[in-house]
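Some notes on the structure that comes next.
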There are 2 protein chains.
Amino acid sequence: MGRVRKGEREWLAAYDPRAFPPFAVTVDMVLLTVTEGRFSVLLVERDTHPFRGFIALPGGFVQPDEDLDAAAVRRLELETGVRRSAAYVEQLGAFGAPSRDPRMRVVSVAYLVFAPDLPAPRPGAGARSVAWVPVDTVQRDRLAFDHAHVLAAGVERARAKLEYTPLAAAFCDEELTVADLRRVYEAVWGVALDPRNFHRKVTGTPGFLDPVGRPAPVGPEGGRPAALYRRGRATQLHPAMLRPSR
Amino acid sequence: MGRVRKGEREWLAAYDPRAFPPFAVTVDMVLLTVTEGRFSVLLVERDTHPFRGFIALPGGFVQPDEDLDAAAVRRLELETGVRRSAAYVEQLGAFGAPSRDPRMRVVSVAYLVFAPDLPAPRPGAGARSVAWVPVDTVQRDRLAFDHAHVLAAGVERARAKLEYTPLAAAFCDEELTVADLRRVYEAVWGVALDPRNFHRKVTGTPGFLDPVGRPAPVGPEGGRPAALYRRGRATQLHPAMLRPSR
DNA sequence: CCCTGTTAGCGTCGAGCGGACGAGAAGGAG
DNA sequence: CTCCTTCTCGTCCGCTCGACGCTAACAGGG
C-alpha cells in the first residue's frame, strides 16, 4: 500500500467502496524444466476447494504489501526450493475472466519460470501431490480454473523465447556442454537438430556461451568428451535461432 | 464472479477476508499511433486525485463482472471512439508494485493498442485534456503512477512486434501503400529504411499485403502513384523484418 | 595392441536472404 | 519538352543456414 500524502486523508475518508470493486489477486506459476529429455511443467494435485482433486499450476494469493514479482519468487522458493538466481523468472500476463474462480472475482498474474533439472519437490500446503509432468502428456481437461489456457500461453512463450534469447541455458546447470543445450532445444521444440550446425551456430554467436576451458566427464554412451561452457552475457540472439521448417 | 457449486456454500460462508486481501484492479491503455510521421502515445492530463495535474495513460477501474479484455476495449472506445475491429489490442502485462497508487493497493493490467492515424479525441471524465504525444518528447518525470515504466514497456514491445508480425499495417488505413507501411517502420524504429529493399521484402513475404489492383492518388510531393494493398492474413513474418545495425 | 562404436568438433558446398545501389516507369510542375 | 518526385524492378555480393563429409578423442572388447 502506498503512503498517503498530507492533505489527502479527508479525501480517502470519503472513499466509496462501490467505486473500487474488490478483487483478489493471485500468482500462478508456469514452472518449466527439461528432465529425462522431456519438456515438463510442475503441477500439483489440489487438496482444497475449489477444484479439489484437479491438477493445477502452483500459486497463491498475493499479500497486501507484497510486490507481484516478490510474490512469484516467494512461491517459487516455497514450491521448489529454487532461489531466484538459479532460475529465470518473467511475467507471463494477467488472467482475469470473471468466471475463472467460483469463489469470488480473482485476477491471476501468471509467471513463467525456466528452471534447471531438479528433484521432484515435496507437496506444499493445500496440495495432495506435486510432480513434473511432460507438457505433451498433460490432461488438459483435468486442469483447474483456466490453467489449461495459462499453461498453453506459457509453453508457447517459452518456445518463442528460445528463438531469440539465450535462455535455453537457464534449463541447464551452471556448467553445460553444447549437447546439453541442444537437448534442451530438441525437448522444448520437439524436433531433432543437426548437432554440427547447432554447434556452429551456438559457438559462433558471441555472448551465448563462454568456454570454461575444461572438458566435461564422458557421458554414459561414451564418445569424445565435450568442452564445458557457462552462460554468456548476451540477452538477445542476433541473428535468431529459428525453428526449422515453418 | 463465478457460479457457486452445490456443496460449497458452507465453505464459502466461512470465507475469511484476511486470507483474500482486497485489491483494486484497473486497466491502463498504451494507445500508440503514427501521426504526422511521429510515433505517438495518447496521454491525458489528470484533473482528479491522485496525481492531479500530472499526465497519465488513459485507464480506469475494471467492473466487478467485466473481463479484463472487455474493460480495455470499453476504455478504448470511451477514450478514442475506435472500435475494436479498427485497431489491434493485446495485453502488455500487470503492474502491481505496492506503492504505485497512494490511495490503496492497485494492480493495473496494461494494454497495448495500435491505432491508425486519428483526430485528437475529446477529454473524458477526470481528464483536463487529452492529446497524442510523440513518444520521444514525453516528459517522463511528469507521468503519474508508474506510467513511465508502463509506457517504456509498451514502446519496446511495439518496436519488437514490428519485427516478427505484420502489425505495422494496424497503424495504417485499411487501404495502404508500401510507402505508408515503410513510414510506420521508420517512425516506430526511428531509422531510415531503403525504399527498394523494403519494397522487395514486403511484397515478397506471402500474406503480409494483398494487392487491391488499384493505384493510390498521387501524394503531395508528386511521383509515380503507388499500388494499393490491404492487410494480408499472415500473423507472423517469416523470416522476420529485422531492425538494422544491431 | 588394433578394431569398433560412440560423441565432439571442423570444413565444404550451395541455396536463399538481405544490404547497397543502378536504372527505368509513371506521375506533376514549369 | 525538361526536371523533379516517388515507385518498382533488377543486379551484385556477402552472410547465414541446411545438408553432409571428415577427423578427433574417448571407452570397451578381443
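In the 5' to 3' direction, nucleotides of DNA chain D lying under 4.0 Å from heavy atoms of chain B begin and end at dT5(D) to dT11(D).
Heavy atoms of other residues, nucleotides or ligands lying less than 6.0 angstrom from CD of E174(A) number 12 at most.
Taking CG of L92(B) as the reference point, atom CD of E156(B) lies at 11.0 Å (rounded to 0.5 Å). To the nearest 0.5 angstrom, E90(B) atom CD is 7.5 Å from L167(B) atom CG. Once rounded to the nearest 0.5 Å, the distance linking CZ of F54(B) with CZ of R46(B) reads 10.0 Å.
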Going 5' to 3' through nucleotides 15-22 of chain C and flagging B where a protein heavy-atom sits under 4.0 Å of the base, S where only the sugar-phosphate is that close, and - otherwise, we get --SBBBBB
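Counting heavy atoms from C-beta on, the side chains of M241(A) and W189(A) come closer than 4.5 Å. Under the 4.5 Å side-chain criterion, counting only non-hydrogen atoms from C-beta, E79(B) is not in contact with M29(B).
Residues G223(A) and V178(A) both approach DNA chain C. Their nearest nucleotides, taken by heavy-atom distance, put G223(A) toward the 5′ side. Comparing H199(B) and G222(A) against DNA chain D, the residue whose closest nucleotide sits nearer the 5' end is H199(B).
Shortest non-hydrogen contact noted between R231(A) and L209(A) is CA-CD2, 4.5 Å. In terms of heavy-atom proximity, A187(B) sits nearest to G37(B) at CB-O, 3.5 Å.
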